[in-house]
Trainee: 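So that we are looking at the same thing, I have put the structure below in structure tokens.
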Amino acid sequence: MTLIETVGLCQKYGEHDILRDVNLKVEPGETLALIGPTGAGKTTLLRLLNLLDIPASGRLYFDNADVSRASKARQEARRRMAFVLQKPVVFNSSVYDNVACGLKWRGVMGADLRTKVDPVLETVGLSVCRDRNARTLSGGETQRVAIARAIVLEPELLLLDEPTANLDPVSASKIEELIAGIIRQRQSTVIMATHDRSHGERLADRMAVLMNGELTQVGKSKDIFASPGSRDIAEFVGAENIIGGVIIASDDGLATIDAGGRLIEAISDYPDGEEVYACVRPENIILSISASHDSERNSFSGEIASVASMGPLCRIEVDCGFPLVALVTKRSAGELVLEKGKTVHAAFKATSVHVIRRQG
Amino acid sequence: MNEIWQGLIKAVELIVSFDQEVMEIAGRSLVIAVTSLGLAALVCLPLGGLIHARQFRGKKTLVTLIQTLYSIPTVVIGLFVFLLLSRAGPLGGLNLLFTPTAMVIGQALLVAPILLGLTISALSGVDGLLPDTARSLGANGFQTSLVVLKEARFAVMAAVVLAFGRAISEVGVAIMVGGNILGYTRVMPTAISLETGKGDLALSMALGMILLFIALIINFGLNRIQQG
Ligand SMILES: Nc1ncnc2c1ncn2[C@@H]1O[C@H](COP(=O)(O)OP(=O)(O)OP(=O)(O)O)[C@@H](O)[C@H]1O
Ligand SMILES: [Mg+2]
């Protein structure tokens with residue numbers, strides 16, 4: 001059972017390929033986060049899924065019906081979904097009328113309209129602005145109108161395009177809570193584009209990574225973070241340490257990688273001579289003053305190149321022949337007196353290393 | 001000076017007594033202007049919507065051309081329609097010259113560029129994502145057009161009001177293809193120019209005042225529209 005499926009979907013603007021061969025299946029009731037850097041094609045894909053644009057090639061199925069081109073089926077399918085656009089545009093009418101319009105277009109009238117719209121205004125916290133012209137609302141309030149307009153339709157498929165972008169952190173987290181509540185309460189399927197991977201991680205069951213118009217990886221959030229499929233994804237999902245090297249020995253799944261003279265041990269099945277990247281997440285690197293953790297194979301000494309504060313954490317870059325970034329708490333940074341120029345030992349476990357084959 | 005003063009008093013008398021000739025001329029003016037406006041709007045509003053929505057080569061040039069025609073002299077339109085409808089013209093067989101119908105045709109042509117051009121610019125003032133937003137919430141094609149039109153309603157109404165003002169006050173077309181025939185094609189602007197020449201200042205001033213009054217109402221309406 002799939003709710004929406006794309007097969008070899010491609011999109012062009014003029015001569016430019018914006019999406020290439022996108023194959024995606026979304027099950028009913030699932031929440032999928034579409035993540036990717038800016039310009040990757042997230043909005044373009046959502047517009048195709050909402051049947052606003054016609055794909056250059058490929059097929060699109062909604063509830064097993066082919067809605068790639070046939071216009072009558074497209075209109076019917078579109079009425080079973082709702083799309084909150086990246087840039088919310090409100091109609092020049094009251095907040096109530098804005099939220100009611102989708103229902104009106106579906107023929108809902110009179111008292112029925114009210115009993116549906118008012119509770120939704122309550123949910124998004126806009127009851128007080130009910131009769132105000134929507135054009136006079138703030139950015140965050142406008143975003144809430146846009147979400148209310150969509151959820152009042154009780155769509156089978158809800159598409160959200162960067163619902164928290166361009167908002168201050170407080171409004172953004174309020175909107176995020178609102179969306180999380182909607183996902184919990186309603187059984188609808190949600191596809192949400194975001195370039196904030198942590199946002200996607202918090203809300204979604206599954207993630208799809210879109211890079212340069214191609215769907216490069218789809219899977220459970222934690223799998224994508226733990227084992228990104230390519231260097232681009234690794235960078236995007238925040239494996240800051242991506243060290244190039246060659247496998248020089250492998251023994252029963254344990255490989256030794258030569259990274260410019262320094263040896264890194266990692267779990268990997270690639271054969272000897274394979275050119276690879278060793279990826280280590282900064283939070284998995286342990287810093288110490290004395291090399292007491294000799295038991296750990298991957299232990300490198302180096303000078304601290306920089307110290308930067310990030311909220312409760314410190315981001316510390318150590319030059320061990322290759323740059324290695326570690327995240328430590330402010331407290332332990334203070335206890336260890338980590339300062340620029342100081343020599344430290346950086347260590348990580350072989351199981352913390354994710355090995356990616358170098359392409360091409 | 002005395003003559004003007006007396007004419008003014010008599011003009012007011014003509015208006016407050018609902019003088020038959022004055023009312024008839026004013027009424028005819030209104031009917032002809034409204035008809036030509038309605039006709040032009042029927043074609044130009046949808047056409048403007050179409051031009052706005054479609055992307056084609058030469059679109060910019062077309063819009064510039066339309067805007068240039070805003071200020072086309074009324075006598076040029078008059079001449080064009082005259083040639084069209086005169087005995088030797090392509091539509092001469094219809095015998096329409098010097099009829100109210102000819103005036104309606106002329107005035108419709110006169111205001112068409114204003115309606116068309118201002119409709120296009122009214123629609124380009126609407127956010128390009130608005131139609132997509134409507135469609136994403138389930139509006140069909142017709143409902144989407146209504147949303148866009150509704151969003152541009154103030155600017156479109158302003159265009160209609162402006163076009164009406166031009167139609168009711170012009171002389172060139174009315175005199176050249178209407179002929180200023182008493183009781184048939186005589187309208188306010190042509191009556192004023194004729195009666196003033198004949199020395200009947202009272203009638204001219206009465207009609208002039210009515211025209212001014214209409215202009216006042218139009219301006220009032222425009223202001224109300226622009227304030228939203
Ligand atoms: N109407 C258009 N005409 C031409 N190019 C376009 C158009 N819309 C989008 N593009 C291009 O397509 C590419 C993908 O755009 P898209 O808006 O889908 O990216 P995105 O992943 O949503 O980015 P963001 O995170 O910034 O919203 C971009 O390079 C963009 O410039
Ligand atoms: Mg986007």
Trainee: Can you give me the closest heavy-atom contact between A:Gln75 and B:Gly138, atom names plus distance?
Mentor: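 For A:Gln75 and B:Gly138, the tightest heavy-atom pair comes out as NE2-O, 3.4 Å.
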Trainee: Please report the shortest heavy-atom distance between B:Leu115 and B:Cys44, naming the atom on each side.
Mentor: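 Closest pair (atom of B:Leu115, atom of B:Cys44, distance): CB-CB, 3.8 Å.
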Trainee: Examine the side chains of B:Thr144 and B:Arg135 and answer whether a donor and an acceptor come within less than 3.5 Å of each other.
Mentor: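 Note: B:Thr144 and B:Arg135 side chains miss the donor-acceptor criterion.
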Trainee: Please classify the contact of B:Asp127 with chain A as side chain, backbone, both or neither, using a heavy-atom distance under 4.5 Å.
Mentor: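 Side chain of B:Asp127 only, per the 4.5 Å heavy-atom cut-off to chain A.
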Trainee: Strictly by modelled atom types, are B:Ser17 and B:Asp19 linked by a side-chain donor-acceptor pair under 3.5 Å?
Mentor: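 No donor-acceptor contact under 3.5 Å links the two side chains.
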Trainee: Select, from B:Val126, B:Asn140, B:Val147, the one with the greatest count of heavy-atom pairs under 4.5 Å involving chain A.
Mentor: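 When all of B:Val126, B:Asn140, B:Val147 are compared, B:Asn140 has the most.
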Trainee: Side chains of A:Glu141 and A:Ser138: donor-acceptor distance under 3.5 Å anywhere?
Mentor: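 Short answer, yes.
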Trainee: If I measure from the heavy atoms of chain B, does A:Arg149 come under 4.5 Å with its side chain, its backbone, both, or neither?
Mentor: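 Both backbone and side chain of A:Arg149 come within 4.5 Å of chain B.
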Trainee: Sort A:Asn92 into side chain, backbone, both or neither according to what part of it lies under 4.5 angstrom from a heavy atom of chain B.
Mentor: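 For A:Asn92, heavy atoms of backbone and side chain both lie under 4.5 Å from chain B.
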Trainee: Report the option among A:Glu76, A:Arg80, A:Arg106, A:Met81 that has the most heavy-atom pairs separated by less than 4.5 Å from atoms of chain B.
Mentor: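 Ranked by contacts with chain B, first place is A:Arg106.
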Trainee: What part of A:Leu52 lies closer than 4.5 angstrom to a heavy atom of chain B: side chain, backbone, both or neither?
Mentor: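 For A:Leu52, backbone and side chain are both near chain B.
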Trainee: More than 12 heavy atoms of other residues, nucleotides or ligands under 6.0 Å from NZ of A:Lys104: is that the case?
Mentor: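 Enclosed.
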Trainee: Select one option (side chain, backbone, both, neither) describing which atoms of A:Arg47 are under 4.5 Å from chain B's heavy atoms.
Mentor: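 For A:Arg47, the side chain is the part near chain B, not the backbone.
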Trainee: Under 4.5 Å heavy-atom distance to chain B, tell me which part of A:Val90 shows up: side chain, backbone, both or neither.
Mentor: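 Contact with chain B: backbone only.
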Trainee: Under 4.5 Å from any heavy atom of chain B, what part of A:Leu51 do you find: side chain, backbone, both or neither?
Mentor: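 The answer is the backbone of A:Leu51.
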Trainee: Let me know if A:Arg135 has heavy atoms under 4.5 Å from chain B in its side chain, its backbone, both or neither.
Mentor: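 Contact with chain B is through the side chain of A:Arg135 alone.
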Trainee: Would you say the side-chain atoms of B:Arg186 and B:Thr190 include a donor-acceptor pair closer than 3.5 Å?
Mentor: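 Judged by distance alone, the side chains do not pair up.
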